[in-house]
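Report on the structure given below.
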Number of protein chains: 2
Amino acid sequence: MSEAELPEVTTTLVYRLGGLGAIASARFAAAVEPLGIRPKHVALMAVLSAGAAASQLELAQTLGVVASVVVGLTDRLEALGAVERLRDPDDRRRHRLSLTPAGRTLLASCTAAATALDAELTASLSPAEAQSLHRAVGVLASETGLPA
Amino acid sequence: MSEAELPEVTTTLVYRLGGLGAIASARFAAAVEPLGIRPKHVALMAVLSAGAAASQLELAQTLGVVASVVVGLTDRLEALGAVERLRDPDDRRRHRLSLTPAGRTLLASCTAAATALDAELTASLSPAEAQSLHRAVGVLASETGLPA
DNA sequence: TATTGTTATACTCTATAACTATA
DNA sequence: TATAGTTATAGAGTATAACAATA
């Protein structure tokens, strides 16, 4: 009978990434909440800004949510004047969403907030550690097909 | 007017940690689901295993959830024979939770599953990258006061 | 009167399903 | 008839509040 040496579950990467991710999401949510939006709204605007989706259905697939969720997110962003719903002339069932100048400004504010949080988060790491963390997380993010 | 250069929000650490954490949690949840439990149950057992809490109220504080949530988690684990509720003789309002041998076995299975997921997750990283990622995540985890 | 655990209730988020309009 | 968007409904998860037992 072999008795494999196992670490504590709380020290594993998946476990810690799960907990850390929840904290990161909460902090980011708190940072953008004064702007009247939540992280999913930011994700939607980021996809639009990258030109990575046209119709709401495509948006839903890219974001990994269901179509009805995109409706609610878009309603909110439209009310804020951050996005516009434009009928696709080629297929009038479709809405082409477009980021307005106000939306770009809003997205920039979110990016600034995220950058500030990054600085807080990595304050206790050396520059080299912070950089290698950033790089490793980037690799995992692209590998897992994150809505980026 | 200075125009600061900002990265895309999707490349920031908080944003990616949020998304990555959601994926990690989902994978871990899928891995322990056949065992009849969810990540929070694992967290509760881990705290008990570490002797980091006695009463259900302490458990709630350590886990960062409300007391009524601990009731449900404990109900489930008790039904599985993984934990026991023992009245505290010093204060009969309190339940001292104790991990049974079956609970230790269950926790070990979860740890093994998490370790396997770690290997998958870091497969595309070099050993050195994986190790530095693990270390950096450990620093952030302890810094943010994760239930560990 | 204060506190531990429990139960009952409400709220948030998301998914499923039914519906409208276009194709 | 099939599809894009919308609306209506239901489920999971968690928080708040009321309650019972004990201090």
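So you know, we letter chains A, B, ... as the sequences are listed, proteins then strands, and number each from 1.
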### A:L63 CG - C:dA15 P separation (whole Å)
11 Å
#### Entry: Protein-nucleotide distance (B:H95, atom NE2; D:dA20, atom P), rounded to Å
17 Å
#### Entry: Candidates B:T11, B:V137, B:L20 - the one meeting side-chain contact (heavy atoms from CB on, under 4.5 Å) with A:V137
B:L20
## Note on the structure
Side-chain atoms of A:R85 come closest, of C:dG5, D:dT6, C:dT14, to D:dT6
### Task
Over all heavy atoms of both residues, which pair between A:C110 and A:I37 is shortest? Give the atoms and the distance, please.
SG-CD1, 3.6 Å
### Query
Which heavy atom of A:V14 sits nearest a heavy atom of B:A114, and at what distance?
CG2-O, 3.6 Å
### Query
To the nearest Å, how far apart are A:L73 CG and C:dT12 C1'?
14 Å
### Task
Nearest whole angstrom, please: distance from the C1' of D:dG13 to the NE2 of B:H41.
12 Å
### Query
Which heavy atom in B:V9 sits nearest to a heavy atom in A:F28, and how many Å separate them?
CG2-CZ, 4.2 Å
Grab the N/O contacts between the protein and nucleotides 21-23 of chain D below 3.5 Å, and write none if there aren't any.
unit_1: D:dA23; atom_1: OP1; unit_2: B:R92; atom_2: N; d: 2.9

### Summary
Rounded to whole Å, the CD-C1' distance (A:E58 to D:dA4) equals 12 Å
### Summary
Among the nucleotides D:dA4, C:dT4, D:dT14, whichever has the atom closest to the side chain of A:S55 is D:dA4
Anything under 3.5 Å between a donor and an acceptor, one on a side chain of residues 64-82 of chain A, the other on a protein residue two or more places apart or in another chain? List them.
unit_1: A:T74; atom_1: OG1; unit_2: A:V70; atom_2: O; d: 2.7
unit_1: A:D75; atom_1: OD1; unit_2: A:R85; atom_2: NH1; d: 3.0
unit_1: A:D75; atom_1: OD1; unit_2: A:R85; atom_2: NH2; d: 3.0
unit_1: A:R76; atom_1: NE; unit_2: A:G36; atom_2: O; d: 2.9
unit_1: A:R76; atom_1: NH2; unit_2: A:G36; atom_2: O; d: 3.2
unit_1: A:E78; atom_1: OE1; unit_2: A:R85; atom_2: NH1; d: 2.8

## Note on the structure
When every non-hydrogen atom of B:T62 is compared with those of B:A52, the smallest separation belongs to OG1-O, 4.1 Å
### Summary
Assert: residue with more 5' nearest nucleotide on DNA chain C, out of B:V70 and A:V65, is B:V70
#### Entry: Closest heavy-atom pair and its distance - B:G18, A:A24
N-CB, 4.1 Å
### Query
Roughly, in whole Å, what's the span from CZ in B:R76 to C1' in D:dT14?
18 Å
#### Entry: Base of D:dT16 paired with side chain of B:S68 (donor-acceptor, under 3.5 Å)
yes
### Message
Over all strands shown, is A:V69 touching base, sugar-phosphate only, or nothing at heavy-atom distances under 4.0 angstrom?
### Response
sugar-phosphate
### Summary
Side-chain contact check for B:L57: nearest option of D:dA15, C:dT4, D:dT14 is C:dT4
### Query
In whole Å, what is the span from the CG atom of B:L44 to the P atom of D:dG13?
16 Å
### Selection from C:dA15, C:dT6, C:dC13 that lies nearest to any side-chain heavy atom of B:A67
C:dT6
### Task
Using a 4.0 Å heavy-atom cut-off across all strands, classify A:R38 as base, sugar-phosphate, or nothing.
sugar-phosphate
#### Entry: Distance in angstrom units between B:Q61 CD and C:dT3 C1', rounded
12 Å
